[in-house]
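I have placed the structure first, in the form of structure tokens, so that the comments after it can refer back to it.
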Amino acid sequence: MTEGVQTPPAADAGFTPRVFSGIQPSGQLHLGNYLGALKRFADAQERGVQSIYCMVDLHAITVWQDPADLRNATRELAAGFIASGIDPEKSILFNQSQVPEHAQLAWMFNCVARLGWMNRMTQFKDKAGKNAEKASLGLYAYPALMAADILIYHATHVPVGEDQKQHVELTRDIAAKFNHDYQTDFFPMPEPVIEGAATRVMSLRDGSKKMSKSDPSDASRINMTDDADTIAAKIRKAKTDPDALPSDAKGLEGRPEARNLVNIYAALSDSTVDAVLSEFGGQQFSAFKPKLSELAVERLAPISTEMARLMQHTDEIDAILGRGAARAREIATPVIKQTYEIVGLVGS
Ligand code: TYM
């Protein structure tokens, strides 16, 4: 766990606190994305820190995307950001491909990052599976693009779910090596911000697997577009064990499914695991699940309704993304220019 955005670490001395994070527009937005990312982005925005949020479409195409689906998913993700409380006037909201400086800086970082570092990335191993020879070069180089996403804005804090921690640590390694190789302190050392009860939301069907858009079972996740009946049915069928809920967090050890549902309840209610267990300890899942469904519907229904409404006006979404990209470029353009200068690339 790292500290919140109010306390930048010493390594960031001289850098204004700035939050950056991104989400891939591939597949359905789900409860893991909401609790691990979107909800926390809205919280960071409310704390008044300058926040930049990106639909990372260039990351999405590291695996095959149908063009029409990608277009739709990008707009739907933008709607998800806005419906979750990201105000495109307060924060900067845009899609990655519209700010070419991301790809330009990524090339610099491809030349800084070492093959040995990339070979340690567990997400590449998971995604490429046994057939790594057939994976795209983009999928392999993806963490260097992610480092560029963050560092092109000199971002100091990166709110993410636990699965992205290794990539943010690699970003720090890349920043440190660049600064060292060129004898500069140009790039900050960004901190992953991984806090709260739901930084790793698990599958509803298997408490040892992360909730994921790529899980073939739709019952494993709650999608942000699910209606109230679907949410209730998925929670009702969620895997659990036969015991009652314990009265403290220690009692969740060895009970991954129970822990997951309690974590979800705590995160949705802005509470803690201990507080949830002091309310529900001793109760059976047959009593707890309906309460969880009620809470999930209460919190998610307004978001999915607003997403559906926004998706009726995709021209407005496109205009918001266009304005966001222009604002993002105001920050990114001088950073790429200075990077070129530091590296010795001649030009205006
Ligand atoms: P992505 O698109 O897979 O996920 C977006 C965000 O949702 C979080 N998340 C979860 N959190 C809790 N429980 C889960 N089951 C769960 N599943 C997903 C992720 O941790 C992430 O915060 N590489 C990134 C996108 C990216 C990025 C960046 C993030 C590209 N550039 C720069 C931060 C900064 C990704 O694939 O996330």
Side-chain angles (χ1 to χ4, degrees), residues 18-41 44 51-63 65 70 73-74 76-77 80-81 84 86 94-97 99 102-103 105-106 109 121-124 126-127 138-139 141-172 174-175 190-215 220-224 256 259-260 263-264 266-268 328:
R18 185 179 278 157
V19 168
F20 179 90
S21 201
I23 300 185
Q24 294 198 47
S26 52
Q28 292 262 6
L29 255 187
H30 56 73
L31 185 67
N33 298 132
Y34 177 65
L35 294 176
L38 288 168
K39 183 172 186 297
R40 296 173 49 232
F41 299 169
S51 307
I52 305 176
Y53 297 120
C54 184
M55 273 121 283
V56 289
D57 48 8
L58 298 179
H59 277 90
I61 59 168
T62 57
V63 297
Q65 302 293 333
L70 177 62
T74 303
E76 192 166 81
L77 176 54
F81 268 96
S84 302
I86 302 306
F94 69 104
N95 56 318
Q96 189 185 27
S97 58
V99 180
H102 288 243
L105 188 61
F109 290 166
M121 294 297 110
T122 55
Q123 202 166 68
F124 175 76
D126 290 348
K127 284 199 176 174
L139 187 66
Y142 153 133
L145 176 59
M146 179 161 161
D149 299 338
I150 297 166
L151 293 172
I152 194 72
Y153 302 105
H154 280 185
T156 54
H157 293 84
V158 187
V160 281
E162 247 171 58
D163 60 338
Q164 296 300 319
K165 187 168 182 228
Q166 194 186 33
H167 291 157
V168 184
E169 283 165 355
L170 180 89
T171 301
R172 293 169 64 89
I174 290 176
E191 283 283 313
V193 183
I194 301 171
E195 57 191 9
T199 54
R200 191 170 171 80
V201 177
M202 308 309 281
S203 154
L204 298 180
R205 309 299 303 158
D206 176 353
S208 68
K209 271 174 43 187
K210 177 181 85 157
M211 184 178 284
S212 157
K213 45 194 150 202
S214 54
D215 194 315
S220 70
R221 67 184 159 261
I222 293 174
N223 300 310
M224 296 303 287
R259 177 194 296 276
N260 190 35
N263 280 347
I264 292 173
L268 280 172

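Just follow the structure's listing: the first ligand is 1, and inside any ligand the first atom is 1.
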Looking only at protein heavy atoms, which one is nearest to [atom], and what is the separation?
| atom | value |
| --- | --- |
| atom 11 (N) of ligand 1 | G32 O, 3.2 Å |
| atom 22 (O) of ligand 1 | G161 N, 3.2 Å |
| atom 23 (N) of ligand 1 | Y142 OH, 2.5 Å |
| atom 20 (O) of ligand 1 | D163 OD1, 2.4 Å |
| atom 28 (C) of ligand 1 | M146 CG, 3.4 Å |
| atom 6 (C) of ligand 1 | A37 CB, 3.7 Å |
| atom 37 (O) of ligand 1 | Q164 NE2, 3.7 Å |
| atom 2 (O) of ligand 1 | Q24 N, 2.9 Å |

Could you see which bit of [X] sits under 4.0 Å from ligand 1, with heavy atoms only: side chain, backbone, both or neither?
| X | result |
| --- | --- |
| N33 | both |
| V56 | side chain |
| M202 | neither |
| V168 | neither |
| V158 | side chain |

Sole residue of I194, T171, V168 in side chain to side chain contact (heavy atoms under 4.5 Å, CB included) with V158 |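 Answer after filtering I194, T171, V168: V168.
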Of L151, I52, T156, the residue whose pairing with F20 passes side chain to side chain contact (heavy atoms under 4.5 Å, CB included) |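 Per the side chain to side chain contact (heavy atoms under 4.5 Å, CB included) rule, the option paired with F20 is I52, out of L151, I52, T156.
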With sequence neighbours left out, what residues match H154 under ring-ring contact (aromatic ring centres under 6.0 Å, His included)?
-> F15, F186, F187
Assess H30 for proximity to ligand 1: is some non-hydrogen atom of it under 4.0 Å away?
-> yes
Can a non-hydrogen atom of Q96 be found less than 4.0 Å from any atom of ligand 1?
->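 Contact check Q96 vs ligand 1: negative.
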Measure the spacing between CG of L204 and CG of L31 and express it to the nearest 0.5 Å.
-> 8.0 Å
About how many Å separate SG of C54 and CD1 of I152, when rounded to the nearest 0.5 Å?
->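 Spacing of CD1 (I152) from SG (C54) equals 11.5 Å.
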Salt bridge D215-K209, side-chain N to carboxylate O under 4.0 Å =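 Yes, D215 and K209 are salt-bridged.
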For ligand 1, find out whether one of its N or O atoms is nearer than 3.5 Å to an N or O atom of V201.
->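 Yes, V201 has an N/O under 3.5 Å of an N/O on ligand 1.
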Quick check: does Q123 get an N/O under 3.5 Å from an N/O on ligand 1?
-> no
